[in-house]
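Counting begins at 1 with the first residue of the sequence. Scope of the values below: all heavy atoms of this structure, side chains included, with no hydrogens, waters or symmetry mates. In each ligand, atom 1 is the first atom listed, and ligand 1 is the first ligand listed.
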Amino acid sequence: MADTKNPITNVKGEFIRGVTAFRNWIKDEPSAEYQPEANRYHLYVALACPWAHRTLVLLKLKGLDHVISYSTVDTLLEFEKGCGWAFGEKYPDPHHPTFTHLKDVYKLNESDYNGRVTVPVLFDLKTQKIVNNESSEIIRMLNSEFNKLARHPDLDLYSESLRSRIDELNEQVYPKLNNGVYRAGFAKSQEAYNNAYEDVFSMLDILENILSKQRYLIDNKQITEADVRAWTTLLRFDPVYVTHFKCNKKMISKDYPNLFGFVREIYQIDGIKETVNLDEIKKHYFASHLMINPTGIIPRGPEINYDLPHGRDHLQQK
Ligand SMILES: N[C@@H](CCC(=O)N[C@@H](CS)C(=O)NCC(=O)O)C(=O)O
């Protein structure tokens with residue numbers, strides 16, 4: 001049985017992220033078990049979670065929020081109790097009102113499910129089964145399989161011509177930055193923390209350099225999946241990771257002008273701001289991870305204005 005009470009670390013004190021359990025695909029093909037249909041699927045997300053946030057950003061960018069519903073789980077993840085993400089009065093499961101925990105949804109797939117219960121979850125209301133709980137795969141399906149229903153079908157965040165460069169960057173950004181901040185924060189040895197810290201800031205330096213020359217990480221003209229995947233981590237960096245995960249060499253809003261402009265630009269795209277709740281984000285991290293912040297006190301700062309003009313338009317003229 002998996003230890004669901006604590007982030008998992010190995011003998012070297014390095015944080016190890018669990019393997020994702022459900023990996024089915026929705027396909028726009030007549031023979032597919034899971035077809036893209038309006039109002040058939042539901043996303044369970046946590047507003048704090050950078051992986052879940054990717055899926056909400058895709059819903060907005062592709063214009064799918066009228067055909068795929070979503071709901072949020074409770075802010076705090078009570079690691080000590082080991083029950084995982086919970087529903088509550090303010091955060092009910094709209095489709096199963098008697099369910100108390102997200103684990104109850106996982107049990108619809110496997111009644112004796114004992115693995116980790118994570119967000120996001122892409123759930124099929126028709127078969128009452130989880131289709132997939134891996135964000136990197138969910139965003140691919142949202143990008144390509146719902147185009148007949150999407151308000152923005154022409155926006156392709158993983159286009160054929162850019163695919164190999166997107167994959168190449170993701171392969172760096174995931175371990176060094178997206179998961180790198182967690183590796184720093186959940187490290188249980190100085191060495192594991194030092195390594196993660198180096199990875200995080202070397203990656204930020206690389207991304208800052210790219211964004212000093214072009215508007216987006218892969219393409220100067222078009223936002224891609226690589227931008228979305230980096231952005232949800234970059235957004236949380238100053239408010240949370242600098243202090244909570246001890247990634248405190250530099251701050252994005254003070255030391256990385258191009259990354260900060262990029263964070264503001266994506267924040268200001270139509271619909272994206274609605275997916276951001278910084279109070280929830282901070283409350284979740286600082287008050288859930290009591291193993292690294294035992295008082296549960298939530299820092300009030302920093303004060304950052306994400307609505308300031310992003311000033312990145314000029315790069316596209318290049
Ligand atoms: N590979 C997964 C990772 C998702 C993930 O780790 N989510 C975290 C929240 S940020 C979670 O639900 N953790 C609960 C736990 O590990 O018990 C994805 O990208 O979808």
Notebook entry, point to check: Relative to each other, are the rings of Y241 and F245 parallel, tilted or perpendicular (30° and 60° limits)?
Noted result: parallel
Item checked: D74/K90 salt bridge by N-O under 4.0 Å criterion -> no
Checklist line | Polar atom proximity, S136 to ligand 1 (N or O, under 3.5 Å) | finding: no
Margin query: Counting only heavy atoms, tell me which of R116, K103, R236 gets closest to atom 15 (C) of ligand 1.
Written below: R116
Notebook entry, point to check: Counting each atom of ligand 1 from 1 as listed, which ones have a heavy atom of S135 under 4.0 Å away?
Noted result: 18 (C), 19 (O), 20 (O)
Item checked: Distance filter under 4.0 Å to N133 heavy atoms, resulting ligand 1 atoms -> 20 (O)
Check: Does some side-chain heavy atom of E14 sit less than 4.5 Å from a side-chain heavy atom of R183?
Finding: no
Margin query: Looking only at the aromatic ring of each residue, does the gap between the centers of Y216 and W231 stay below 6.0 angstrom?
Written below: no
Item checked: Contact partition for V117 relative to ligand 1, non-hydrogen atoms under 4.0 Å -> backbone
Check: Below 3.5 angstrom, do we get any N/O pair linking R54 and ligand 1?
Finding: no
Checklist line | Nearest atoms (heavy-atom pairs only) where K282 meets I298 | finding: CB-CG2, 4.0 Å
Notebook entry, point to check: Looking at H42 versus F123, is the centre-to-centre ring distance below 6.0 Å?
Noted result: no
Next item on the list: Number the atoms of ligand 1 from 1 as they appear, then name those within less than 4.0 Å of a heavy atom of Y182, with their elements.
Entry: 10 (S)
Next item on the list: Classify the contact between E134 and ligand 1 as side chain, backbone, both or neither, using a heavy-atom distance cut-off of under 4.0 Å.
Entry: both
Note to self: Around atom NZ of K129, are there more than 12 heavy atoms from other residues, nucleotides or ligands closer than 6.0 Å?
What the structure shows: yes
Next item on the list: Considering the heavy atoms of C49, write down every atom of ligand 1 situated less than 4.0 Å from one of them.
Entry: 7 (N), 9 (C), 10 (S)
Next item on the list: Report, in ascending order of atom number, the atoms of ligand 1 lying under 4.0 Å from any heavy atom of L77.
Entry: 14 (C)
Checklist line | Which of the ligand 1 atoms, numbered from 1, are nearer than 4.0 Å to a heavy atom of P120 | finding: 20 (O)
Item checked: Check ion pair K60-D270 (N to O, under 4.0 angstrom) -> no
Check: Can you check whether T118 has an N/O within less than 3.5 Å of an N/O in ligand 1?
Finding: no
Next item on the list: Quick one: look at Y174 and ligand 1, take heavy-atom pairs under 4.0 Å, and tell me if it's side chain, backbone, both or neither.
Entry: neither
Item checked: Test of ring centre spacing under 6.0 Å for H310 and Y267 -> no
Margin query: Out of all atoms in ligand 1, which are within 4.0 Å of some heavy atom of W51? Include the element for each.
Written below: 4 (C), 5 (C), 6 (O), 7 (N), 10 (S), 18 (C), 19 (O)
Check: N/O to N/O below 3.5 Å, does that happen between V119 and ligand 1?
Finding: yes
Checklist line | Y113 and F22: CA distance, side-chain angles, deciding distance, ring pair (Phe, Tyr, Trp, His ring centres under 6.0 Å) verdict | finding: CA-CA 11 Å; Y113 183 80; F22 304 111; 5.7 Å; yes
